[in-house]
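Have a look at the structure below, then the notes.
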Amino acid sequence: MFQEKEQFLTTDEIKELQLERLKKQVKRTYKNVPMYRKRFDEAGIKPSDIKELSDISKLPFTYKDDLRDHYPYGIRAVPIERLNRIHASSGTTGIPTVVSYTSKDLDTWSNLMARCYSCAGVTENDLIQNAYGYGLFTGGLGFHMGAERLGALVIPTATGNTKRQIKMMKDMGSTVICCTPSYAVFLIESLTEEGVDPSDLKLRIGMFGAEPWSEETRHHIQSSLNIRAQDLYGMSELYGPGVAVECERQDGLHIWADEFLIETIDPDTQEVLPPGTRGEMVFTMLTREAMPLLRYRTKDLAVINWEKCACGRSHPRVMRIRGRSDDMLIVGGVNVFPSQIEDVLMSIDELGEQFQIILETDRLDHLNVQVEVSPAHWGVAEKVLAGKVEEALQATLTLRARVELVAPGTIPRTEGKAKRVIDKRKMI
Ligand code: DLL
């Protein structure tokens with residue numbers, strides 16, 4: 001098992017390491033990052049005020065906008081000459097969020113990703129097909145470095161070219177597939193089209209993340225491919241993939257708490273919430289050299305569970321991520337998460353896996369859900385089916401949705417993160 005000791009640290013050991021590292025990191029950050037020094041000074045805080053873990057609540061938050069304000073090289077505690085790599089994610093504002101790494105950071109990240117594979121049950125004997133995007137996106141290189149660090153064989157197919165993807169999977173005998181859950185769903189469809197029987201493949205584990213996905217989608221992927229579908233969380237600001245992963249119990253994602261200090265807060269009042277309460281995840285990176293983020297506001301909403309897992313690990317678990325506070329749709333005053341709609345749609349057998357949410361407004365907001373019917377049910381009693389879907393959505397969302405059933409294969413597929421929502425209200 002890779003980094004077995006780190007995977008099985010006890011809660012006391014984790015807390016001790018966290019405090020030691022937090023003190024050091026706060027000192028380094030104050031000394032080397034002008035933005036933090038200014039904020040500490042303005043708030044009248046000194047690094048020596050951090051005496052115990054709960055003192056973290058004295059520190060200022062860091063926001064995505066802080067990274068954009070420091071474009072292009074971002075918040076940095078080392079000179080550019082010491083950087084070894086950058087990644088970037090494109091935002092809606094047009095200014096990319098750039099993140100930077102020293103060679104030690106890349107080493108830490110590789111270890112974290114290798115630990116994730118290992119925790120999910122992947123070993124050095126596996127053949128890992130990596131279908132995440134290589135490039136500025138952290139998915140491709142993150143999964144790649146981790147696979148190499150683990151000592152496995154990595155097949156860097158990257159995104160797209162689904163036919164070649166399937167050919168490699170068959171010919172090489174890939175045992176692990178890494179991609180977004182929405183691409184996995186598309187792969188399943190493509191296997192059927194190509195006439196490939198999943199039982200002829202050697203796949204045994206899938207490592208899926210980069211977007212929210214439902215328990216129903218997990219069942220679909222697991223049963224169609226006959227694999228274990230593991231959830232993995234990360235974001236570019238926190239190295240990339242590798243922050244948290246499910247163990248074989250599939251009962252929450254273990255956050256590697258010796259590297260990431262997690263808090264949950266009420267996004268409106270900014271108050272720190274007790275464990276077990278749903279809130280916005282806020283992360284402090286405990287050892288990152290190049291871009292040491294303190295109390296980074298992720299906007300991802302989740303519940304954290306500090307109870308020891310049945311697998312024996314004590315790293316706290318983030319229970320399935322419902323979505324981001326900025327993904328939440330407000331339709332006629334009602335809060336709706338796209339993942340709630342996904343849950344409902346995926347639980348109805350007659351429907352396919354692809355859907356789109358279209359929001360429109362005249363004076364009132366309208367929630368339209370376009371969903372594909374499964375090939376076996378297309379053209380059969382559609383009115384009855386549409387009524388059934390509308391009723392199921394109303395029961396969960398407490399909101400009326402207009403359902404449009406469409407033919408299998410008509411909603412555009414994506415190779416990376418799925419685009420589920422078209423908000424025409426913003427286009428007026
Ligand atoms: O998506 C890094 C990554 C790559 C994670 C591959 C996992 C696999 P960003 O592009 O910066 O980085 O997007 C980060 O994606 O704040 C979440 O909202 C969402 N996200 C990532 N993983 C999950 C997950 C990568 N397992 C943003 N479940 C995050 C739900 C996820 N949402």
Got a second to check how far D65's CG is from T62's OG1, nearest 0.5 Å? 12.0 Å
Salt bridge present between R149 and D107 (N-O < 4.0 angstrom): yes
Ignoring hydrogens and geometry, is there a side-chain-to-backbone donor-acceptor pair from E415 to A131 under 3.5 Å? no
Quiz question: by atom type and distance under 3.5 Å, do the side chains of N111 and T108 form a donor-acceptor pair? no
Taking only Lys NZ, Arg NE, NH1 and NH2, and the carboxylate oxygens of Asp or Glu, determine whether K388 and E391 approach each other closer than 4.0 Å. no
Does the side chain of T157 reach to within under 4.5 Å of the side chain of M169, using non-hydrogen atoms? no
Trace of the side chain to side chain donor-acceptor pair (under 3.5 Å) decision for E360 with N368: CA-CA 8 Å; E360 286 172 325; N368 302 305; 2.9 Å; yes
Does CZ belonging to R278 count more than 12 external heavy atoms closer than 6.0 Å? yes
Answer whether the closest heavy-atom distance between the side chains of K299 and P267 falls below 4.5 Å. no
Check this for me: K104, atom NZ, are more than 12 non-hydrogen atoms of other residues, nucleotides or ligands nearer than 6.0 Å? yes
In short, A210 meets K417 closest at the heavy-atom pair O-NZ, 2.9 Å
Without swapping roles, check the side chain of E211 against the backbone of S182 for a donor-acceptor pair under 3.5 Å. yes
Listed pairs under 3.5 Å, donor-acceptor, residues 135-148 side chains, sequence neighbours left out:
| unit_1 | atom_1 | unit_2 | atom_2 | d |
| --- | --- | --- | --- | --- |
| H144 | ND1 | Y134 | OH | 2.8 |
| H144 | NE2 | E148 | OE2 | 2.9 |

Minimal heavy-atom distance between S174 and M168, with the atoms involved, is OG-O, 4.0 Å
Kindly determine whether Y36 and I75 satisfy side chain to side chain contact (heavy atoms under 4.5 Å, CB included), including the steps that lead there. CA-CA 9 Å; Y36 281 118; I75 296 166; 4.1 Å; yes
Carboxylate-amine/guanidinium proximity below 4.0 Å for E372 and R413: yes
Are any non-hydrogen side-chain atoms of L83 and R76 less than 4.5 angstrom apart? yes
Are the side chain of Q7 and the backbone N or O of F2 linked by a donor-acceptor pair below 3.5 Å? yes
Please examine the side chains of P198 and L203, heavy atoms only from C-beta on, and report whether any two atoms are closer than 4.5 Å. no
Neighbour count above 12 (heavy atom, 6.0 Å) for Y73 OH: no
Audit row: L187, Y183, side chain to side chain contact (heavy atoms under 4.5 Å, CB included) steps and yes/no: CA-CA 6 Å; L187 259 178; Y183 188 63; 3.9 Å; yes
Tell me whether R288 forms a cation-pi arrangement with Y101, defined as NZ or CZ under 6.0 Å from the six-membered ring centre and within 45 degrees of its axis. yes
Yes or no on side chain to side chain contact (heavy atoms under 4.5 Å, CB included) for M235 and Y296, after CA distance, side-chain angles and deciding distance? CA-CA 11 Å; M235 70 193 307; Y296 186 69; 4.2 Å; yes
Looking only at atom types and distance, does a side-chain atom of Q370 sit under 3.5 Å from a main-chain N or O of Q356, one as donor and one as acceptor? no
For atom CG of N226, decide whether the heavy atoms of other residues, nucleotides or ligands shown that lie under 6.0 angstrom number more than 12. no
Can you check whether G252's main-chain N or O pairs, donor with acceptor, with N305's side chain at less than 3.5 Å? no
Where M291 and M285 come nearest, the two heavy atoms and their spacing: O-SD, 4.1 Å
Neighbour count >12 (heavy atoms, 6.0 Å) for atom CD, E307: no
Is any side-chain N of the basic residue among K170 and E194 closer than 4.0 Å to the acidic one's carboxylate O? no
Flag, side chain of H70 to backbone of D66, donor-acceptor distance under 3.5 Å: yes
According to side chain to side chain donor-acceptor pair (under 3.5 Å), who are the partners of S314, at least two apart in sequence or on a separate chain? none
Give a yes or no on whether the backbone of A229 and the side-chain of Q222 come within a donor-acceptor separation of less than 3.5 Å. yes
Does a sphere of radius 6.0 Å around NZ in K58 hold more than 12 heavy atoms from other residues, nucleotides or ligands, not counting ones at 6.0 Å or beyond? yes
Any non-hydrogen side-chain atom of I357 less than 4.5 Å from a side-chain atom of I422? no
Least distance between heavy atoms, R420 atom then Q354 atom: NH1-OE1, 3.8 Å
Salt-bridge criterion met for D126 and R204 (N-O under 4.0 Å): yes
Rounded to the nearest 0.5 Å, how far does CZ of F260 lie from OG1 of T287? 8.0 Å
Rounded to the nearest 0.5 Å, what's the gap from CG on L253 to CD on Q230? Could you check? 9.0 Å
How many angstroms lie between atom CZ of F61 and atom OG1 of T284, to the nearest 0.5 angstrom? 9.5 Å
Output for pair (R295 CZ, R297 CZ), nearest 0.5 Å, gives 9.0 Å
Evaluate the side-chain proximity of T102 to N84: yes if any heavy-atom separation is below 4.5 Å, no if none is. no
L9 CG to E16 CD distance, which is reported to the nearest 0.5 Å: 10.5 Å
Starting from the C-alpha separation in whole Å, work towards a yes-or-no answer on side chain to side chain contact (heavy atoms under 4.5 Å, CB included) for I177 and F208. CA-CA 8 Å; I177 176 75; F208 305 116; 4.2 Å; yes
With no hydrogens and no angle check, is any side-chain donor or acceptor of Y132 less than 3.5 Å from a backbone partner on G209? yes
Exercise: identify the closest heavy-atom pair between T298 and E280: N-OE2, 3.4 Å
Using a 3.5 Å distance criterion without hydrogens, assess whether the side chain of H254 forms a donor-acceptor pair with backbone atoms of H315. yes
For the backbone of Q165 and the side chain of Q129, can you confirm whether one donor and one acceptor N or O come within less than 3.5 Å of each other? yes
To check you understand the geometry: which heavy-atom pair defines the closest contact between L273 and G279, and what is its length? CD1-CA, 3.7 Å
Would you mind reporting whether L127 and V176 have side-chain heavy atoms less than 4.5 Å apart? no
Carefully, step by step, assess R115 and E259 under the rule salt bridge (charged side-chain N to carboxylate O under 4.0 Å, His left out). CA-CA 12 Å; R115 234 198 253 180; E259 291 291 341; 5.2 Å; no
Under the rule for side chain to side chain donor-acceptor pair (under 3.5 Å), what residues qualify as partners of D365, not counting sequence neighbours? T361, R425
Check against salt bridge (charged side-chain N to carboxylate O under 4.0 Å, His left out), D12 and K15: CA-CA 5 Å; D12 285 348; K15 300 226 155 152; over 6 Å; no
Flag side-chain contact, heavy atom, 4.5 Å: V318 against I304: yes
